[in-house]
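Given the structure is predicted, the values throughout are model-derived calculations rather than measurements.
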Amino acid sequence: MTTTGTPRDVVPFRQAVRAWFAISLQTFGGPAGQIAVMQRHLVDERRWIGQRRFLHALNYCMLLPGPEAQQLAIYVGWLLNGLRGGLVAGTLFVLPGMIALLVLSAIYAGYGDTRVVTALFAGLAPAVVAIVAQAVWRVGSRALNNPALIGFAVAAFGALAVFGVPFPIVIAVAALAAWLLHRRRPALVTGGAHGGGGSDDGPEPLVSDGALHHDQPSARRGLTILAVGLLVWLLPVALVAALTGVGSVYTQQGLFFSGTAVVTFGGAYAVLAFVAQRAVEHYAWLSAGDMVRGLALAETTPGPLIMVVQFVAFLGAYHHPGGLDPWAAGVIASLLTTWVTFVPCFLFILLGAPYVERLRGNNALSAALTGITAAVVGVIANLGLYFAVHTLFTETGTITAGPLNMQVPHVGTIRWVPLTITIIASVLIFKLTWSVLRVLGVCALLGLAAGLAGLPGI
């Protein structure tokens with residue numbers, strides 16, 4: 001491994017900006033699709049970065065809370081063009097989706113109770129149940145390759161669905177348990193490279209696998225980035241609290257989503273059950289049905305799926321605007337939530353990347369990641385159960401007895417039209433392997449047809 005470092009601009013900055021903008025318009029299909037887009041553009045076609053360096057960066061991003069695809073964009077942007085490259089890559093990665101979902105949130109808030117819009121969303125919500133089920137299957141088929149890891153997933157699901165254990169505790173315990181298991185039985189929690197092997201048979205990339213980045217890790221650099229990053233991250237929350245009060249919906253959202261930004265291990269699906277529980281049941285920013293429809297909207301827009309928190313914030317402020325106009329309140333809350341959700345990603349990458357550049361194959365970190373990934377399967381399954389209960393049944397109840405804290409549906413209130421659409425969506429996804437966007441389109445049309453026909457359950 002050479003120690004001379006890479007030049008500050010590996011590719012011309014304007015060329016890099018154009019490339020990241022092109023990538024940002026193609027980031028549909030969740031993190032797997034987004035990573036595949038970057039793989040094609042950056043590794044296969046342009047050869048700006050090699051396969052092994054790409055996977056090494058991805059493995060670090062997988063260890064962090066937050067959307068790993070956006071963090072990977074920040075990391076590669078930093079490798080190619082330094083600080084400004086990372087800032088531009090990460091910003092462009094979320095900008096199109098943020099604008100699109102802001103517009104869709106406003107349309108939903110203003111026209112969501114009309115017959116046509118209600119019918120469309122009645123078809124989208126069952127599709128989300130099938131999409132989450134597919135996510136459970138995909139992650140589980142990759143992550144659960146032995147009984148110990150299956151046990152991690154089952155334990156995580158039971159802790160969340162049966163006992164109501166907070167999500168951050170489940171993730172922390174999974175990481176600790178995997179680390180301890182690694183010390184005794186390393187083979188059970190040693191994951192392979194994410195996304196396949198690390199072979200790279202193409203021509204030499206611009207960023208050589210052996211070259212170290214010019215940014216050297218140091219205490220001074222780390223403290224500077226940490227101080228500036230925390231200030232940029234939390235200053236808007238402090239300003240909102242000073243202007244609107246600590247009890248306002250804006251301050252609540254700023255603090256809540258700042259907190260979720262540091263516990264979103266395992267991707268958006270893993271944390272959405274926690275977000276839904278708090279936003280629906282504790283803060284009453286929106287209904288469970290709104291939450292499912294918001295996820296459906298986020299599935300149709302480019303960028304990280306965790307962008308759905310923008311929809312949650314918009315509706316929460318729109319319904320509780322305080323002294324502001326509801327539309328202005330929704331926009332302000334939406335932008336604030338987007339800010340506190342994604343700014344930490346820049347902080348995590350820019351702070352840790354120079355150290356990760358000099359770290360290869362740390363087995364302890366790999367074991368913790370494997371444990372978290374296995375637990376995430378159970379977390380996503382719990383999210384699917386939450387969405388299914390609130391989509392397919394009109395009424396639900398809660399069983400609380402000792403440590404038990406379970407939400408169960410009233411069987412007699414099943415909604416037959418959403419159930420039928422869920423079955424159709426499952427066939428399209430699992431049997432015919434249709435894309436998410438195609439399935440959402442078909443299910444929206446089915447919901448519209450059922451609504452216009454006056455069928456019950458819409």
How close do Ala353 and Trp78 get, heavy atom to heavy atom, and via which atoms? CB-CZ3, 3.6 Å
When you measure from the side chain of Asp290 to the backbone N and O of Ser287, does any donor-acceptor pair fall under 3.5 Å? yes
Side chain to side chain contact (heavy atoms under 4.5 Å, CB included) between His410 and Thr396, intermediate numbers included: CA-CA 5 Å; His410 295 163; Thr396 62; 6.0 Å; no
Assess the residue pair Arg278 and Trp285 against the criterion (side chain to side chain contact (heavy atoms under 4.5 Å, CB included)); give the C-alpha distance rounded to whole Å, side-chain angles, the decisive distance to 0.1 Å, and a yes or no. CA-CA 9 Å; Arg278 300 293 292 173; Trp285 291 333; over 6 Å; no
Measure up the Phe348 and Trp233 rings against each other and bin them: parallel (under 30°), tilted (30 to 60°), perpendicular (over 60°). perpendicular
To the nearest 0.5 Å, what is the distance between CG on Leu42 and CG on Leu79? 10.5 Å
What heavy-atom pair brings Leu286 and Ala279 nearest, and what distance separates the two atoms? CD2-CB, 3.8 Å
With a 4.5 Å heavy-atom cut-off, do Val162 and Pro403 have their side chains touching? no
What distance do Leu350 atom CG and Thr224 atom OG1 have between them, rounded to the nearest 0.5 Å? 12.5 Å
Measure across Ala313 and Gln253 and return the closest heavy-atom pair with its distance rounded to 0.1 Å. O-NE2, 3.2 Å
Return yes if some donor-acceptor pair links the side-chain N/O of Thr413 with the main-chain N/O of Phe393 below 3.5 Å, else return no. no
Less than 4.5 Å apart, side chain to side chain, heavy atoms only: is that true for Ile429 and Trp434? no
So side chain to side chain donor-acceptor pair (under 3.5 Å) across residues 313-332, not counting sequence neighbours, yields none
Under a 4.5 Å cut-off applied to non-hydrogen side-chain atoms, are Cys345 and Ile74 in contact? yes
For Phe311, check ring-ring contact (aromatic ring centres under 6.0 Å, His included) against everything at least two apart and list the hits. Tyr108
Lys/Arg N to Asp/Glu carboxylate O, Asp9 vs Arg14, below 4.0 Å: no
With side chain to side chain contact (heavy atoms under 4.5 Å, CB included) as the test, would you mind laying out the steps for Ile332 and Phe314 before giving the verdict? CA-CA 8 Å; Ile332 292 171; Phe314 188 101; over 6 Å; no
If you define the side chain from C-beta out and look only at heavy atoms, does anything of Thr301 sit under 4.5 Å from Leu297? no
Just verifying a value: how many Å separate Leu455 CG and Thr420 OG1, rounded to the nearest 0.5 Å? 9.5 Å
What side chain to side chain donor-acceptor pair (under 3.5 Å) pairs are there with at least one residue in residues 302-315, not counting sequence neighbours? Gln310-Ser334
Would you mind reporting whether Val76 and Met38 have side-chain heavy atoms less than 4.5 Å apart? no
Is there a side-chain contact between Val88 and Asn81 in this structure, where contact means two heavy atoms from C-beta onward sitting under 4.5 Å apart? no
Might you work through the side chain to side chain contact (heavy atoms under 4.5 Å, CB included) test for Phe342 and Met307, ending with a clear yes or no? CA-CA 9 Å; Phe342 290 104; Met307 190 70 75; 3.7 Å; yes
For Gln277, all residues meeting side chain to side chain donor-acceptor pair (under 3.5 Å), sequence neighbours excluded: none
Identify the heavy atoms of Val232 and Trp339 that sit nearest to each other, and give their distance. O-NE1, 2.9 Å
Below 4.5 Å, heavy atoms only, C-beta onward: do Tyr386 and Val280 meet side chain to side chain? yes
Straight-line distance of Leu231 CG to Leu226 CG, nearest 0.5 Å: 11.0 Å
Listed by chain and number, what are the side chain to side chain donor-acceptor pair (under 3.5 Å) partners of Arg40, not counting sequence neighbours? Gln26
Measuring from Ile49:CD1 to His41:NE2, what's the distance to the nearest 0.5 Å? 15.0 Å
When every non-hydrogen atom of Gln70 is compared with those of Gly90, the smallest separation belongs to NE2-O, 3.2 Å
With Ser248, which residues qualify under side chain to side chain donor-acceptor pair (under 3.5 Å), at least two apart? Thr244, Thr251
Any heavy-atom pair between the side chains of Val408 and Thr398 that's under 4.5 Å? no
Looking at Ala89 and Gly77, what are the two nearest heavy atoms and their distance? CB-CA, 4.0 Å
Spell out, as yes or no, whether a donor-acceptor pair under 3.5 Å connects the side chain of Thr400 to the backbone of Asn405. no
For Phe21, does the CZ atom sit with more than 12 other heavy atoms under 6.0 Å from it, leaving out its own atoms? no
Would you compute the distance between atom CD of Gln34 and atom CG of Leu305 and round it to the nearest 0.5 angstrom? 8.5 Å
